[in-house]
Amino acid sequence: MEIIGFFGALLMGISLGLIGGGGSILTVPILVYLFHIDPVLATAYSLFIVGFTSLLGSTSHINQGNIHWRTALVFGIPSIISVYITRQFLVPIIPHDIFSLGDYLVTKPVLMLLVFAVLMVIASYSMIKPGRNQVDGVLKEVDYRYLLILLEGLGVGMITGFVGAGGGFLIIPALVLLAKLPMKKAVGTSLVIIGLKSLIGFMGDVNGSSVIDWKFLMIFTSIAAVGIFLGSHLSKKVKDEKLKPIFGYFVLIMGIYILIKELIFK
């Protein structure tokens, strides 16, 4: 199972390199179901893995000038604050046993997996549905809707902190719709935001009570990093328009599997 798990880490990195996102949503299921890591700790590990790989993936966008740094700050600062507070203060105070429905007990690990599975289903829809052709024009002026961007940043940060997902499927639409960024700049800027807020959120666990297996974490992250470089190389030969729906259906199946497993066969 560990060999399959590390192969999953490689696939996660490849998907990130190929389509610029989405791969991080596989990290928690891989850690929980293949490495049998507690879901709460798995979300902490995922923050580190997602943060490191996202920053690594952003380097090519930085070289191409696809980062709008002012937007990264306006959106990223509230998101970073929110994810750190969530990991440092909110997650630890959630009781282990939350509520019960008859004989079914909803615990904190189960709740995290259920929320994560719902997010996987939502993310899969954004990958499967046909996208409108987006033309990257020259960015002349960014229209900041500060209140909406602030609220979106706080919300995405809280979601990231709770389930350990990067939240790119939430951030990219926000940058396009609220900040009026061209798609390429939205993707590049989102990777920087995801990387910073995920790593800082992980610091909330390092400062907390979580016991981190650094050897395992570095091995997993290194394999995912190799996958990013492979995916980036393959992306030059394969159009992401064909890959996103396939990956989206895979994420959908995984999300439904988690829901069925946790709700019916628990």
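The model shown is predicted, which means the values in this text are computed figures rather than measured ones. As a basis for the values below, the full set of heavy atoms in this structure was taken, side chains included, without hydrogen atoms, waters or symmetry mates.
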Exercise. Do you reckon Phe216 sits in the same ILVMFWY cluster as Ile30, going by side-chain contacts under 4.5 Å, direct or chained?
Worked result: yes
Just do the side chain to side chain contact (heavy atoms under 4.5 Å, CB included) check on Thr27 and Phe220 with the steps written out, would you? CA-CA 10 Å; Thr27 308; Phe220 191 102; 4.2 Å; yes
Q) Between Met112 and Val91, does a side chain to side chain contact (heavy atoms under 4.5 Å, CB included) hold up when you go through it step by step? A) CA-CA 10 Å; Met112 283 185 163; Val91 171; 3.7 Å; yes
Heavy-atom nearest pair, Gly5 first then Leu34, reads CA-CD1, 3.6 Å
Sequence neighbours excluded, the answer for side chain to side chain contact (heavy atoms under 4.5 Å, CB included) partners of Tyr33 is Pro29, Leu113, Ile258, Lys261, Glu262
CA sep, side-chain torsions, deciding dist, call: Leu263, Tyr104, side chain to side chain contact (heavy atoms under 4.5 Å, CB included): CA-CA 8 Å; Leu263 291 174; Tyr104 184 80; 3.9 Å; yes
Heavy-atom nearest pair, Ser190 first then Leu175, reads N-CD1, 3.9 Å
Under 4.5 Å between side-chain heavy atoms, hopping through other hydrophobics if needed: is there a path connecting Val83 to Met158? no
In this structure, CG of Leu47 is separated from OG1 of Thr86 (nearest 0.5 Å) by 10.0 Å
Interatomic distance, CG@Leu31 vs CE@Met12, rounded to 0.5 Å, equals 8.5 Å
inquiry  = Closer than 3.5 angstrom, by distance alone: can the side chain of Asn63 be matched with the main-chain N or O of Thr59 as a donor-acceptor pair?
reply    = yes
Across all chains, not counting sequence neighbours, the side chain to side chain contact (heavy atoms under 4.5 Å, CB included) partners of Leu56 are Phe52, Ala225, Ile228, Phe229
In this structure, CE of Met120 is separated from CD1 of Ile253 (nearest 0.5 Å) by 10.5 Å
Looking at side-chain heavy atoms only, is the closest gap between Val28 and Pro39 below 4.5 Å?
no
#### Entry: Val32 and Ile37, any side-chain heavy atoms less than 4.5 Å apart
no
| request: For residues Tyr45 and Phe202, establish whether the separation of their ring centroids is below 6.0 Å. | output: no
request  = Decide whether Ile4 and Ile219 are clustered together by the hydrophobic rule: side chain heavy atoms of Ile, Leu, Val, Met, Phe, Trp, Tyr closer than 4.5 Å, transitively.
outcome  = yes
Report yes if the side chains of Phe250 and Leu26 come closer than 4.5 Å at any heavy-atom pair, otherwise no.
-> yes
Does any part of the side chain of Ser100, heavy atoms only, come nearer than 4.5 Å to the side chain of Val106, both counted from C-beta? no
Interatomic distance, CG@Leu114 vs CG@Leu119, rounded to 0.5 Å, equals 11.0 Å
Sorted by chain and number, sequence neighbours left out, side chain to side chain donor-acceptor pair (under 3.5 Å) with Ser79 holds for none
One should read off an interatomic distance between Ser54 OG and Lys197 NZ, to the nearest 0.5 angstrom, of 8.5 Å
- Can a donor-acceptor pair be found between the side chains of Thr43 and Arg87 at a distance below 3.5 Å? yes
TODO: Indicate if Ile81 and Ile159 have the same hydrophobic cluster label, given that clusters are the connected sets of ILVMFWY residues with side-chain heavy-atom separations under 4.5 angstrom.
DONE: no
Exercise. Hey, are the side chains of Leu10 and Leu230 touching, using non-hydrogen atoms and a 4.5 Å cut-off?
Worked result: yes
Of all heavy-atom pairs linking Phe99 and Leu105, the shortest is O-CD1, 3.6 Å
Just so I know, are the side chains of Leu252 and Ile256 near enough to count as touching, which here means a heavy-atom distance under 4.5 Å? yes
* **Atom OH of Tyr125: over 12 foreign heavy atoms under 6.0 Å** => no
| request: Starting from the C-alpha separation in whole Å, work towards a yes-or-no answer on side chain to side chain contact (heavy atoms under 4.5 Å, CB included) for Ile67 and Lys185. | output: CA-CA 6 Å; Ile67 313 296; Lys185 282 190 177 290; over 6 Å; no
All heavy atoms of Gly248 vs all of Ser124, minimum pair found to be O-CB, 3.1 Å
* To do: Mark yes when over 12 heavy atoms from residues, nucleotides or ligands other than Phe6 sit less than 6.0 Å from its CZ; otherwise mark no.
  => yes
Across all chains, not counting sequence neighbours, the side chain to side chain contact (heavy atoms under 4.5 Å, CB included) partners of Pro78 are Leu150, Leu154
Contact between Leu55 and Ile194 at the side-chain level, heavy atoms closer than 4.5 Å - yes or no?
no
Discussion item. Would you say that Ile212 contacts Phe48 through its side chain, given a criterion of any heavy-atom pair below 4.5 Å between the two side chains?
Written reply: no
inquiry  = Would Phe162 and Phe116 count as a ring-ring contact (aromatic ring centres under 6.0 Å, His included) here? Give the steps.
reply    = CA-CA 9 Å; Phe162 187 70; Phe116 196 91; over 10 Å; no
- Consider only side-chain heavy atoms of I, L, V, M, F, W and Y, link residues closer than 4.5 Å, and tell whether Leu90 and Leu151 are in one cluster. no
Separation between CG (Leu191) and NE2 (His61), nearest 0.5 Å, reads 5.0 Å
Residue set satisfying side chain to side chain contact (heavy atoms under 4.5 Å, CB included) with Asp103, at least two apart, ordered chain then number -> none
Worksheet entry | Check: Ser222 side chain, Met218 main-chain N or O, donor-acceptor pair, under 3.5 Å | yes
